[in-house]
Amino acid sequence: MRVIALHRPDACSTVMGHESPRDKDKDKTGEGQQDELILNDYHPEPDQQWAEHPPQEEQVSRWDGTTNGYPPVSQGKWGGSFLKMMDQVPPMLKWAIVLVLPGMLAVGGLSLYNQYASQPEATPAPTIPPEAMPVSALGRLEPQGETITISAPSSIQGERLDELLVKEGDKLVKDQVIAILDSRDRLTAELAVAQQQVKIAQAGLAQVQSGAKAGDIAAQQAAISRLQAQLPRDVAVQDATISRLDAQLRGDTAAQQATIDRLQAQVNGDIVAQQATIERLQAQLRGDIAAQQATIDRLQAQLEKETLAQQATVLRLEAQWQGDLAAQEATIARLTADMENAQEEYRRYEQLYKDGAVSASLFDSKALAAVTARENLAEAQVNLSKIDTTGRKQLEEAEATLARIEATGRKQVEEAKVTLERIQRTGVAVAREAESTLAKLQTTGREQLQEARVTLERIQGTGVAVAREAETTRVRVEETGVLQIEEARAVLDSVEEVRKVDVQAAQAEVDRAIAAVAQAQVNLDQAIIKSPMNGQVMKIHARPGEVVGNEGIVDIGNTNQMYVVAEIYETDISRVRLGQTATITSDAFDGELQGTIDLIGLQVGKKDILDTDPVADVDVRVVEVKIRLNDADSQRVSGLTNLQVQVKIQP
């Protein structure tokens, strides 16, 4: 069926023909469709083509036969015009539209009036008391007992994970091993060492309880005999040391006296040599000053000679430049006259050629002569400019060379004078330095002699002190030997006695070793991470080889029983009671979940679950209410922990 839509918008409305997709296939088969007239109030949106009309005068000027003499109608969104559409409608259908349209408009208006007049007055909805309305809130899913993060003990925080024995989704039972830290081997070795220490302490306790061995008593008696025999030998060795120190003191005194005599002779020789050096430096200074003065005189003479020569070169180049310019200007004057003659000859022969008095070849030769004369003149002018430029440049170069010679010569003379001053200053400084060195040699020699004499006195004093110390050491060795013999006898008495306090000390060592074993076992148990409850692995935070951080190793939760934590506005909490039923919905699962209120929070806090509504109050005060889901619904959402849900609590 072919549809004709008649639009009634404002002045820019259009009427167009439209075929429905359903009827397009029928048109392809050749079946005729009955025309149907549809009246609607479609208002197409203006677009850029609609908004940018050319001026009306320009439109009128472009009217042609395609519009059948009517002004064009602006194209709407559907791309047609009322007049073009009417031109395509058969004549009989045009009359049908004209006859039917007013009647349809009248019938449509009447039906609309009856429809609005027949509507009954709206009755107010019944008011539902607030106590009977359900309480709505946002909530989140969590397992029973919330989600627990299993981490390494704080005492071994920062350990690397060696083995991970579970994966996400695994079901766990209490005390099941989850992971093993890389400190397990080290702690196992520490446990073995602690166990061996227990055995060693127990053996020590048994040894103390059994008393000293006969061999130990005999060994202590032998030690007493050895100390008694060693005392006379130590005294004799110390007497020999005293004799050796006396002889060494006499030898050191003689050697130091010889050093003093050698230093005295060396100081005298150094003073004579330095005085000779001072005289040599003074003579060298006088010679260097005379040589540098001669160099200054030579440089001044050379500067005057080179300056005069360069000035003569400047005058020669300037005269040559002026001569070349004059010659070239004369050449230009001659060539100018030749060019004027050639041009005059060309103009005369041009007139004769036009009159037919001369041949074309003769006229061409005169034209060529005029061109040649003009080119020669141009070339001569170029040469004049080049001669002028070259001469001026050579003159400037010669003057620059003259200035450079003068500057260089003056600079060399100044440098030579500076060198002379430097030689004078350096010679004076070297002479003064040599005199200072002489004074230093005299002072140093006296100081060395004084130091050698002090050293001699120190050797003598040290030798006497060492001899006295050796005698004191002999007395101390004799007294120490006697004390060691008495101490060895006391040890012999203590070895032969078994005291109760020694047994108690050995028993304390055993108890300490046993406590160390228990501590090592506790440390080893901490390196093996176990599950504290029945639950399910929800997320893994650390893999083998990674350091256990603040996020822990795994998150587990009892997903067999799921809860909904709902945030109830503080204004609605008075209508919530334990045991009420709740309906939970979300886009993440189909249908609804059922649960009962199991716990009502005791604190009012800020809203934690964010709503997607941009105008929602995020600072609202709420109370957390926990809703226990039934077993079937818990299994449905066991894998959706922390999912945001909508909660509706029935009154």
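Values in this document were obtained by computation on a predicted structure and should not be read as measured data. For the single chain, residues carry numbers from 1 onward in sequence order. In what follows, every heavy atom counts, from backbone to side chain, and hydrogens, waters and symmetry copies are set aside.
- Here the closest non-hydrogen pair linking Glu592 and Gln594 is OE1-NE2, 3.7 Å.
- Residues Ile540 and Leu164 form a side-chain contact, since some pair of their non-hydrogen atoms from C-beta on lies under 4.5 Å apart.
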For Gln274 and Asp270: C-alpha separation, side-chain torsions, deciding distance, then whether side-chain hydrogen bond (donor to acceptor under 3.5 Å, both in side chains) applies. CA-CA 6 Å; Gln274 190 63 25; Asp270 291 341; over 6 Å; no
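- Atom CG in Leu249 sits 7.0 Å away from atom CD in Gln460 (nearest 0.5 Å).
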Go through Gln228 and Gln484 one step at a time and tell me if the side chain to side chain contact (heavy atoms under 4.5 Å, CB included) criterion holds. CA-CA 9 Å; Gln228 289 175 344; Gln484 287 178 344; over 6 Å; no
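- Using a 4.0 Å cut-off between charged side-chain N and carboxylate O, Glu163 and Arg184 make a salt bridge.
- Ion pairing of Glu457 with Arg453 is absent here, as no side-chain N (NZ or NE/NH1/NH2) approaches a carboxylate O to less than 4.0 Å.
- Leu141 has its side chain out of reach of Val565: every pair of non-hydrogen atoms, C-beta onward, lies at least 4.5 Å apart.
- Within the 3.5 Å criterion, the main-chain N or O of Leu263 finds no donor-acceptor partner in the side chain of Gln448.
- Side chain of Gln144 to backbone of Tyr563: no donor-acceptor contact under 3.5 angstrom is found.
- Among all heavy-atom pairs drawn from Ile584 and Phe589, the shortest one is O-CE1, 3.9 Å.
- Side chain of Thr147 to backbone of Pro143: no donor-acceptor contact under 3.5 angstrom is found.
- Residue-environment remark: CD (Glu433) stays at or below the threshold of 12 foreign heavy atoms within 6.0 Å.
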Assess whether side-chain hydrogen bond (donor to acceptor under 3.5 Å, both in side chains) is satisfied between Asp511 and Gln507, documenting all intermediate values. CA-CA 6 Å; Asp511 296 339; Gln507 183 62 48; 3.3 Å; yes
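- Using modelled atom types, no side-chain atom of Glu478 and backbone atom of Val475 make a donor-acceptor pair closer than 3.5 Å.
- Heavy-atom minimum distance, Arg621 versus Val604: NH2-O, 3.4 Å.
- Annotation for Val647 and Ala566: closest pair CG2-CB, 4.1 Å, computed over non-hydrogen atoms.
- Between Gln264 and Ile260, the closest side-chain pair of non-hydrogen atoms is not below 4.5 Å.
- A distance-only check finds no donor-acceptor pair linking the side chain of Arg474 to the backbone of Asp234 [under 3.5 Å].
- Atom CD of Gln650 sits in a crowded spot, with more than 12 heavy atoms from other residues, nucleotides or ligands closer than 6.0 Å.
- Counting heavy atoms from C-beta outward, Thr443 and Leu441 have side chains that stay 4.5 Å or more apart.
- With respect to the salt-bridge test (charged N to carboxylate O, under 4.0 angstrom), the residues Arg543 and Glu546 do not qualify.
- For the pair Ala527 and Leu187, the tightest heavy-atom approach, listed with the atom from each and the gap, is CB-CD1, 3.8 Å.
- Side chains of Ile224 and Ile485 form a contact here, defined as non-hydrogen atoms less than 4.5 Å apart.
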After noting the C-alpha distance and the side-chain angles of Gln230 and Leu227, does the key distance pass the side chain to side chain contact (heavy atoms under 4.5 Å, CB included) rule? CA-CA 5 Å; Gln230 182 179 353; Leu227 289 173; 4.1 Å; yes
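- Between the CD1 atom in Ile514 and the CD atom in Gln202 there is a gap of 6.0 Å [rounded to 0.5 Å].
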Show your reasoning for whether side chain to side chain contact (heavy atoms under 4.5 Å, CB included) applies to Val564 and Arg140. CA-CA 6 Å; Val564 175; Arg140 65 179 183 275; over 6 Å; no
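- Here the CG atom belonging to Asp572 is positioned 13.0 Å from the CD atom belonging to Glu567, to the nearest 0.5 angstrom.
- Two residues are said to be in side-chain contact when any heavy atoms from C-beta on lie closer than 4.5 Å; Glu447 and Gln450 fail this criterion.
- Here the side chain of Asp633 pairs no donor or acceptor atom with the backbone of Leu593 at under 3.5 angstrom.
- At a cut-off of 3.5 Å, with distance as the only test, no side-chain donor of Glu142 or Thr641 sits close to an acceptor on the other residue.
- Going from atom OG of Ser136 over to atom CD of Gln646 covers 9.5 Å, rounded to the nearest 0.5 Å.
- At distances below 3.5 Å, at least one donor-acceptor pair connects side-chain atoms of Asp170 with backbone N or O atoms of Lys167.
- Side-chain contact check for Lys539 versus Glu168: some heavy-atom pair is nearer than 4.5 Å.
- Here the side chain of Ser634 pairs a donor or acceptor atom with the backbone of Met562 at under 3.5 angstrom.
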Intermediate values then yes/no, side chain to side chain contact (heavy atoms under 4.5 Å, CB included), Asp261 and Thr259: CA-CA 5 Å; Asp261 298 339; Thr259 301; over 6 Å; no
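- Nearest approach of Gly591 to Thr585, heavy atoms of both residues: O-CG2, 4.3 Å.
- Atom CG of Leu602 has 12 or fewer heavy atoms from other residues, nucleotides or ligands within 6.0 Å.
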Full working for salt bridge (Lys or Arg N to Asp or Glu O under 4.0 Å) between Glu471 and Arg468: CA-CA 5 Å; Glu471 292 176 356; Arg468 291 176 180 175; over 6 Å; no
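- Within a 6.0 Å radius of CD in Glu451, other residues, nucleotides and ligands contribute 12 heavy atoms or fewer.
- Between Glu479 atom CD and Leu231 atom CG the span is 10.5 Å, to the nearest 0.5 Å.
- Checking Asp555 against Thr149 by side-chain atom types alone, a donor-acceptor pair falls below 3.5 Å.
- Of the inter-residue distances, the one linking Ile178 atom CD1 with Leu161 atom CG reads 11.0 Å to the nearest 0.5 angstrom.
- When atom types are taken as modelled, the side chain of Gln238 and the backbone of Ala470 share a donor-acceptor pair closer than 3.5 angstrom.
- You'll find the side chain of Gln536 reaches within 4.5 Å of the side chain of Lys171, heavy atoms only.
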Quick one, Ser531 with Gln176, criterion side-chain hydrogen bond (donor to acceptor under 3.5 Å, both in side chains). Give me CA distance, side-chain angles, the key distance, then yes/no. CA-CA 5 Å; Ser531 174; Gln176 179 179 343; over 6 Å; no
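- Judged purely by distance below 3.5 Å, without hydrogens or angles, the side chains of Asp525 and Gln521 pair a donor atom with an acceptor atom.
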